[in-house]
Visitor: 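Supplied in structure tokens, the structure appears directly below.
Keep in mind that what you see is a predicted model, and the values were worked out from it rather than measured. No hydrogens, no waters, no symmetry mates; every other heavy atom, side chains included, goes into these values.
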Amino acid sequence: MAGAVFFASDKIHWVHAPYCHALPVIRATASNTVIELHPHPAARGLRQLAKLNPAFGKLWNESIDKIDSTFEIMYTSEDAPKKAILQQLVSPAEWNKKLAGIIASKQKRTPIIFVCGPKSSGKSTFGRLLANRLVTDQNDSGRKPWSSVLVLDLDPGQPEYGPPGVISLNKISVPTLSPPFCHPTLDPTHSQLRAHAIASVSPALDPEHFVECALDLLSTYRRSINAKHPLVINTPGWIQGTGLDLLAEMVKEMRPTEVIYMSQDGPDETVDSLKSACGTSVPFTTLPSQPSENTPRTALHLRTMQTMSYFHLDWASLAGAYQTWNPTPLTELRPWRVRYSGGADRGFIGILFYDHQPAPDLITEAVNGMILALVRVESKAAFRDLINQDSPDSAYAEGPQPEGGDPAGSGSSPSRNSITRSTEGIPLIQNPQGRTLSPRHSRMLGLVLVRGVDTARGELQLLTPLPAEVLIEAGGELVLVAGKFDTPSWAYAEELHRKAAGGAAVVVPIEEDEVDGQVVEEESGSGSDEEEGEEEEEEEEEEEQESRRDVGKTVEASQTEMEIPWAEMLHGNQKRSVGSRVWRVRRDLGRN
């Protein structure tokens with residue numbers, strides 16, 4: 001099933017099989033095989049996300065309120081619901097032959113398989129089948145399967161084990177039998193060994209930084225005891241121009257045992273360049289592509305589902321046998337209150353923009369209601385030349401403050417490459433050259449959604465699935481990284497969708513429940529080439545141009561309660577009331 005080979009065992013392997021992905025097929029290799037099926041304990045929470053976003057709707061062959069069973073077996077295509085577009089997970093003969101060859105290989109080196117190819121060619125599917133086979137197949141010789149397989153997930157647009165905009169190194173000990181949005185991240189203690197924020201769904205934002213992050217993840221693999229386990233490398237589908245240069249550079253630097261190109265239709269230039277990068281020491285293989293047909297969800301839909309699944313994830317379930325979700329709208333969750341005012345006692349060092357560099361007086365509008373990456377700084381060297389590291393008064397120097405901002409907490413002399421403050425006092429790491437944090441000296445902890453900015457208290461209100469112990473352990477050595485993450489318009493409408501499904505709006509009073517003075521305060525809240533990359537970004541921007549109405553209004557100190565949701569829906573010819581405000585914050589805010 002999905003490349004995995006199962007033997008008689010008491011262990012239960014949990015499966016999610018929605019219509020938006022190819023359905024796994026169970027094949028019995030013996031006539032006396034007995035298969036035991038159980039309802040999925042986490043199915044209800046995942047499927048109730050359909051009440052918060054229609055993208056999760058009509059993906060399962062039963063009602064989301066059905067309790068006694070969470071699955072139905074389809075013996076033929078005629079068993080499918082009406083108007084449902086189904087595709088079964090099929091491994092072509094050439095794929096099966098290659099999988100068997102890798103398993104039976106007697107190479108002295110541990111297998112390192114570099115999988116690349118055009119978009120929608122089956123790279124992720126083949127990589128998943130390969131990893132599943134490696135951790136389960138005992139082959140005819142009776143040799144035990146690998147105890148675990150490492151997966152270097154380098155596709156920020158369609159990652160397998162992380163939210164969009166992130167690349168990671170993951171350790172897999174059990175077969176993966178569900179689509180990516182059903183495991184939006186892995187346990188950072190044992191499974192997700194290291195992750196970096198690309199802050200974009202395409203490497204085109206900063207190709208040099210992308211390669212640097214990829215090589216750091218590979219270095220982590222080679223330095224650890226996991227280097228004795230196989231490594232499967234999944235790459236983005238950017239195979240021309242700069243994208244081809246990235247692939248060729250990574251092949252030369254990573255030195256895999258084999259490069260597999262998922263297309264037998266070229267382009268010839270791409271194939272020739274990759275063969276040249278492989279040289280005579282690395283085998284190069286082409287396999288037929290397996291594009292998805294009649295997919296009911298677009299790439300943007302799938303990214304939305306994966307990001308939404310990440311923010312609704314119950315983090316404690318990562319250590320268990322299966323992941324669970326909280327179907328409560330984000331507007332009803334308690335946000336973290338993170339102090340940005342003051343000096344050394346603030347909750348993070350500053351905000352760093354990887355793409356556009358907005359003016360200090362536009363920082364609040366640029367980050368409010370947006371997704372940021374929470375990055376832990378492991379060494380001062382992570383800043384390169386971004387900040388003044390030579391200040392004798394403090395580790396992180398602050399420059400002159402704009403009128404109305406808080407005074408610098410360090411008292412150090414002004415520096416062009418230093419931390420400045422926005423009009424509201426939010427610390428901003430100046431980045432006029434568009435530099436990035438060094439991946440060798442930093443790592444991403446997770447993503448956060450800026451729910452609001454409390455200017456009176458000098459705090460950011462952040463929503464994240466990360467638990468308190470992760471934030472406490474990191475202390476104040478944190479940087480919030482902004483880039484070109486997809487606009488989380490899904491978060492603004494969750495309460496509206498739930499009301500349409502039969503829920504009701506609520507009003508929740510603000511409480512001051514201080515857990516820690518520095519970081520972990522909580523507040524009860526209401527509830528191709530370069531041109532090819534640019535064209536893709538423009539298409540994504542057009543898809544994301546949904547109105548952001550009344551998003552993230554500034555919280556005033558005198559306010560005692562907040563109404564939710566963040567958005568309002570207009571019907572027919574209905575218009576907004578006179579005097580109402582609309583904030584429209586584009587991702588390219590501040591560009592010339």
Side-chain angles (χ1 to χ4, degrees), residues 12-21 23-24 37-72 159-164 174 176-188 191-192 297 301-335 446-449 451 463-468 470 488 490-504 506 508 525 527 564-565:
I12 299 178
H13 297 274
W14 299 106
V15 183
H16 288 290
Y19 295 158
C20 56
H21 289 74
L23 300 180
L37 303 177
H38 297 264
H40 201 308
R44 182 174 178 81
L46 176 61
R47 298 173 195 191
Q48 283 185 334
L49 294 181
K51 295 182 178 180
L52 307 182
N53 192 319
F56 285 89
K58 300 181 180 180
L59 295 181
W60 320 92
N61 199 18
E62 78 284 335
S63 170
I64 61 175
D65 295 319
K66 195 172 183 179
I67 300 177
D68 56 340
S69 179
T70 64
F71 65 90
E72 292 185 15
E160 180 71 36
Y161 299 108
V174 295
T176 300
L177 304 175
S178 302
F181 75 86
C182 298
H183 47 258
T185 191
L186 299 179
D187 181 13
S191 299
Q192 190 169 91
R297 298 292 186 272
H301 286 145
L302 295 177
R303 292 200 304 270
T304 295
M305 295 169 67
Q306 194 156 347
T307 306
M308 181 174 169
S309 173
Y310 174 84
F311 278 96
H312 283 273
L313 182 67
D314 179 5
W315 198 268
S317 67
L318 294 179
Y322 50 83
Q323 299 184 11
T324 59
W325 290 265
N326 180 5
T328 303
L330 295 185
T331 50
E332 296 184 16
L333 299 182
R334 295 163 60 92
L447 300 183
V448 300
L449 174 60
R451 183 198 178 284
L463 295 171
T464 178
L466 294 172
V470 173
W490 51 268
Y492 315 147
E494 285 186 346
E495 180 64 24
L496 289 177
H497 289 304
R498 192 181 70 163
K499 287 176 61 178
V506 297
V508 184
I564 57 175

Visitor: Once rounded to the nearest 0.5 Å, what's the spacing between atom NE2 of His16 and atom CG of Leu177?
Guide: 10.5 Å
Visitor: Return the OG1 to CG distance between Thr307 and Leu302, rounded to the nearest 0.5 Å.
Guide: 10.5 Å
Visitor: Taking ring pair (Phe, Tyr, Trp, His ring centres under 6.0 Å) as the definition, give me every residue that meets it alongside His312, ordered by chain and number, with sequence neighbours left out.
Guide: none
Visitor: For residues Asp187 and Leu318, report the shortest heavy-atom separation together with the two atoms involved.
Guide: CB-O, 3.7 Å
Visitor: List for me each residue that meets ring pair (Phe, Tyr, Trp, His ring centres under 6.0 Å) alongside Tyr310, sequence neighbours excluded, and say none if there are none.
Guide: none
Visitor: Residues two or more places apart in sequence or in another chain: which of them pass ring pair (Phe, Tyr, Trp, His ring centres under 6.0 Å) with His301?
Guide: none
Visitor: Could you grab the distance from atom CG of Asn53 to atom CZ of Arg498, nearest 0.5 Å is fine?
Guide: 14.5 Å
Visitor: Any donor and acceptor pair, going by atom type alone, linking the side chain of Thr324 with main-chain N or O of Ser317 inside 3.5 Å?
Guide: no
Visitor: Using side-chain heavy atoms (C-beta onward) and a distance below 4.5 Å, is Cys20 in contact with Pro179?
Guide: no
Visitor: Just verifying a value: how many Å separate Leu49 CG and Met305 CE, rounded to the nearest 0.5 Å?
Guide: 9.0 Å
Visitor: Quick one: sort the Trp14 and His40 rings into parallel, tilted or perpendicular, breaks at 30° and 60°.
Guide: tilted
Visitor: First locate atom NE2 of His183, then atom CG of Leu313, and finally report the distance between them rounded to the nearest 0.5 Å.
Guide: 11.5 Å
Visitor: Between Pro184 and Gln323, is any pair of side-chain heavy atoms under 4.5 Å apart?
Guide: yes
Visitor: Compare every heavy atom of Thr464 with every heavy atom of Val448, then report the nearest pair and how far apart it is.
Guide: CG1-CB, 3.8 Å
Visitor: Test Phe56 against every option in Arg297, Gln48, Lys51, Met308 by the side-chain contact (heavy atoms from CB on, under 4.5 Å) rule and name the one that passes.
Guide: Met308
Visitor: Kindly compute the distance separating NE2 (His13) from OG (Ser178), expressed to the nearest 0.5 Å.
Guide: 12.5 Å
Visitor: Specify the closest pair of heavy atoms between Phe71 and Leu37, including all atoms of both residues, with the distance to one decimal.
Guide: CZ-CB, 3.6 Å
Visitor: Between Ala491 and Leu330, what is the shortest heavy-atom contact and its length?
Guide: CB-CD1, 4.1 Å
Visitor: Can you tell me if Thr176 and Tyr161 form a side-chain donor-acceptor pair at under 3.5 Å?
Guide: yes
Visitor: How close do Leu449 and Phe311 get, heavy atom to heavy atom, and via which atoms?
Guide: N-CE2, 3.7 Å
Visitor: Can you see which heavy atom on Val15 is nearest to which on Pro24, and at what distance?
Guide: CG1-CG, 4.2 Å
Visitor: After noting the C-alpha distance and the side-chain angles of Trp60 and Thr70, does the key distance pass the side-chain contact (heavy atoms from CB on, under 4.5 Å) rule?
Guide: CA-CA 9 Å; Trp60 320 92; Thr70 64; over 6 Å; no
